[in-house]
Amino acid sequence: MNNVSPIISFLMQQGVPLDTVILLLMLPVIVTLIAFFRQVVGIKAFGIYTPAIVTFAFLAVPQLRYGVIVFISVILVGMLMRFALKGLRILYLPRVAITLSIIAFSILALLSLGGYMQRTGLASVSIFPILIMITIVEKFVATQIEKGNKTAIILAVETLVISLVGYYLASWPALVRGIVAFPWMILITIPINIFLGKWDGLRLTEYMRFKDVLKNLK
Amino acid sequence: MFEEFKNARKLLGLNARNLDYIRPYNKKKAKRLADDKILSKRALKKGGIPVPKLLAKIKSAEELENFDWTALPSTFALKPNRGFGGGGILVVYGRKKLSRKIVQAETQDMPDPVWIKSDGSKVTVQDLKSHILNILDGAFSLSNLPDVAFFEERLTLLKLFKPYAYKGIPDIRVIVFNRIPVMAMLRLPTRESGGKANLQQGGIGVGIDLTSGVTTTAVLGKGKIIDYVPGTRMLLSGIRIPYWKDILLLAVKSQEISGMGFLGADVAIDRERGPVFLEINARPGLGIQVANLAGLRERLERIKGLKIKTAARGVRVGRDLFGGEVEEEVEDISGRKVIGTIEKIKLIGRDGKSVEVEAKIDTGAGFTSIDIDLAQQLGFNDTVTEYQKIEATYKDIEHLSKQERWSIYKHIPHLESTLVINSASGSTYRPTIRITVVMDGVVIPTRVTLINRAHLKYPIIIGKRNLRKFLIDVNK
């Protein structure tokens with residue numbers, strides 16, 4: 001690091017690890033990105049919390065692909081569990097509890113499978129990103145019940161896409177260097193969000209949805 | 001490309017809907033009323049708007065345990081109080097008949113009833129219980145808050161809609177802004193939507209010309225343009241929605257009651273009750289633009305700031321501004337009512353006696369004539385008996401002068417006059433009486449001739465003299 005802002009060096013002198021500083025400063029960038037995806041592109045995902053937390057989970061695993069594998073397996077098992085538990089007719093929270101437990105077992109199996117196949121990277125994934133991804137299943141199950149399987153899967157894929165974009169943005173070296181050099185730059189996200197919050201144009205996905213109407217308007 | 005962006009400003013997207021219309025025009029308190037179906041039902045009813053009857057509500061697991069299932073009718077709709085987008089609604093169409101064995105056994109404990117859903121599957125009390133528990137848990141409510149479940153009267157399907165709707169009841173969604181109806185669509189349930197009319201659930205949305213109430217273009221689900229009901233040859237355009245003006249009026253009135261500036265009003269038509277108000281929507285969907293192939297934003301901006309004093313005026317403005325793709329209502333231009341060849345009418349006779357019958361509209365006849373039987377029902381008993389005592393055919397009295405003929409009949413009570421009627425089956429000499437005919441809301445006091453029509457299909461034909469205020473549509 002050749003160019004470190006005095007603010008950052010001050011924080012580091014107080015014993016705050018650089019990684020923590022960068023991640024905290026990256027948070028506004030990522031949530032702004034998610035807001036942009038919602039308001040301008042029209043990709044919904046599971047709200048703002050889930051894609052943000054999944055992005056950080058991705059950032060915390062040693063290799064991105066293991067993060068993606070865990071994410072996909074969690075959603076997959078969550079989906080299968082809905083069918084498995086359908087006949088049981090039980091209430092929402094116990095049902096989610098059972099789903100989460102089975103997912104925990106499946107992840108254990110997945111990790112040991114990784115070890116067996118000499119993929120030690122998988123087993124070395126730290127526990128917090130895994131736990132984070134397991135808990136997002138609640139969002140998934142709730143959506144399944146409320147809006148059906150199809151919507152839930154679409155939203156899960158959207159979450160994955162946003163989190164991946166977020167991951168690449170947050171690990172973009174130029175951006176990281178920029179934040180370290182000029183941390184106050186992050187404040188730009190506030191006017192950006194004010195603009196997004198007042199944006200009343202059509203979303204990109206709505207251009208698709210209304211294409212027949214657009215053709216018909218003169 | 002540039003053109004496309006310019007046109008995009010005519011459409012209402014989610015951003016603009018939330019930011020420019022829901023936020024500024026729908027106050028929190030009003031939204032809370034709209035989101036609470038039981039509460040809004042009560043408010044609408046108080047405001048004189050017809051709503052489906054509330055059968056029962058269940059607020060807690062305890063109430064659920066003590067619920068008397070046998071008190072439910074054979075057909076009803078079970079809904080979450082704060083549901084949205086049609087989620088969590090369960091509709092049953094009939095009760096499964098008890099097997100004879102059980103009925104004969106006459107046991108003290110009646111077995112729990114079993115209902116049938118639209119797809120023919122059974123719904124047991126156990127099914128209802130777990131569904132209600134999910135509702136109470138908030139599985140279908142906005143932001144998953146604990147909720148209340150309620151049972152509601154299921155409306156009966158209008159004959160007109162029968163070939164278009166797969167089970168379920170179609171309804172009419174009207175977007176109202178600033179007391180003016182802005183856009184409307186007919187929503188038809190399909191096999192996919194499981195008897196629900198919501199587009200999000202896979203229903204059909206059919207655009208409606210606001211002026212005439214005639215359907216135009218249609219969309220299936222969220223975006224597929226269609227011409228026919230899938231799997232049939234039922235054309236979706238050109239359906240004339242009955243009670244059109246009343247429906248728009250109900251929609252505008254509901255806006256006044258709800259206190260919201262911008263809303264979606266859902267009105268269904270019950271076979272017996274006519275237009276019945278279903279619910280108010282604080283966040284109406286945008287698919288209505290696809291169904292109508294028209295932009296909402298452009299229309300909303302045109303009427304922003306207009307000062308509309310009454311609901312009737314708002315309806316008039318909306319119909320003037322946002323219709324006209326189909327030719328203007330004939331009735332409005334000509335000032336005459338359009339009737340079919342067979343009309344249901346009301347006859348008012350003596351001493352306030354009245355009868356409702358189906359009448360044949362006969363432009364070949366000069367006078368209206370009614371059956372003797374019908375005349376008796378209308379309080380002309382004496383007239384008929386006295387008349388029948390005189391056994392004179394037309395031949396017998398043909399040679400007499402007008403005065404001489406009248407002298408034979410004038411003693412008959414309540415007789416208005418006598419007439420010679422020439423028809424295809426020869427000339428007849430008929431007495432006439434004075435009654436009042438009410439047809440399509442028009443009151444006509446008139447002379448009608450008496451004749452035995454017992455062998456004919458309709459007990460009354462309406463002749464030319466009484467048709468001056470009408471146009472006849474043979475397709476109706």
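- Only the side chain of B/L19 comes within less than 4.5 Å of a heavy atom of chain A; its backbone N, CA, C and O stay farther away.
- We find the NZ-CG distance between A/K215 and B/N7 to be 13.0 Å, quoted to the nearest 0.5 Å.
- Interface remark: B/R297 contributes side-chain atoms only to the contact with chain A (heavy atom separation under 4.5 Å).
- Heavy-atom neighbours of B/K129 NZ from other residues, nucleotides or ligands within 6.0 Å: above the threshold of 12.
- A/K139 NZ: 12 or fewer foreign heavy atoms inside a 6.0 Å radius.
- Closest approach of B/K10 and A/L217 over heavy atoms only: CB-CD1, 4.0 Å.
- The two residues B/L12 and A/F210 have their closest heavy-atom pair at O-CE1, 4.0 Å.
- Looking at B/L286, both its backbone and its side chain come within 4.5 Å of chain A, counting heavy atoms on both sides.
- Chain B is approached within less than 4.5 Å, heavy atom to heavy atom, by A/G197, A/K198, A/W199, A/D200, A/G201, A/L202, A/R203, A/E206 from residues 190-206 of chain A, ordered by number.
- Annotation for B/W69: atom CH2 counts as buried by contact number, over 12 foreign heavy atoms lying within 6.0 Å.
- For the atom pair B/L133 CG and A/I90 CD1, the distance stands at 12.5 Å (nearest 0.5 Å).
- For the ring pair (Phe, Tyr, Trp, His ring centres under 6.0 Å) test, residues two or more places apart in sequence or in another chain that qualify with B/Y21 are B/F177, B/F262.
- In this structure, the separation between CD on B/Q289 and CG on A/L214 is 9.5 Å, given to the nearest 0.5 Å.
- Ranking B/N134, B/D137, B/D20 against chain A, the residue ahead of the rest is B/D20, based on heavy-atom pairs under 4.5 Å.
- Taking 4.5 Å as the heavy-atom cut-off, none of the residues of residues 55-64 of chain A approach chain B.
- With rounding to the nearest 0.5 angstrom, the CG atom of B/L14 is 7.0 Å from the CZ atom of A/R209.
- A/D19 CG: 12 or fewer foreign heavy atoms inside a 6.0 Å radius.
- Residue B/K304 places its NZ atom among more than 12 non-hydrogen atoms of other residues, nucleotides or ligands, all under 6.0 Å distant.
- Among the candidates B/A16, B/G88, B/G295, the residue making the largest number of heavy-atom pairs closer than 4.5 Å to chain A is B/A16.
- Residues passing the ring pair (Phe, Tyr, Trp, His ring centres under 6.0 Å) test with A/F182 are A/W184, sequence neighbours excluded.
- Summarising the local packing, CE of A/M208 is surrounded by 12 or fewer heavy atoms from other residues, nucleotides or ligands at distances under 6.0 Å.
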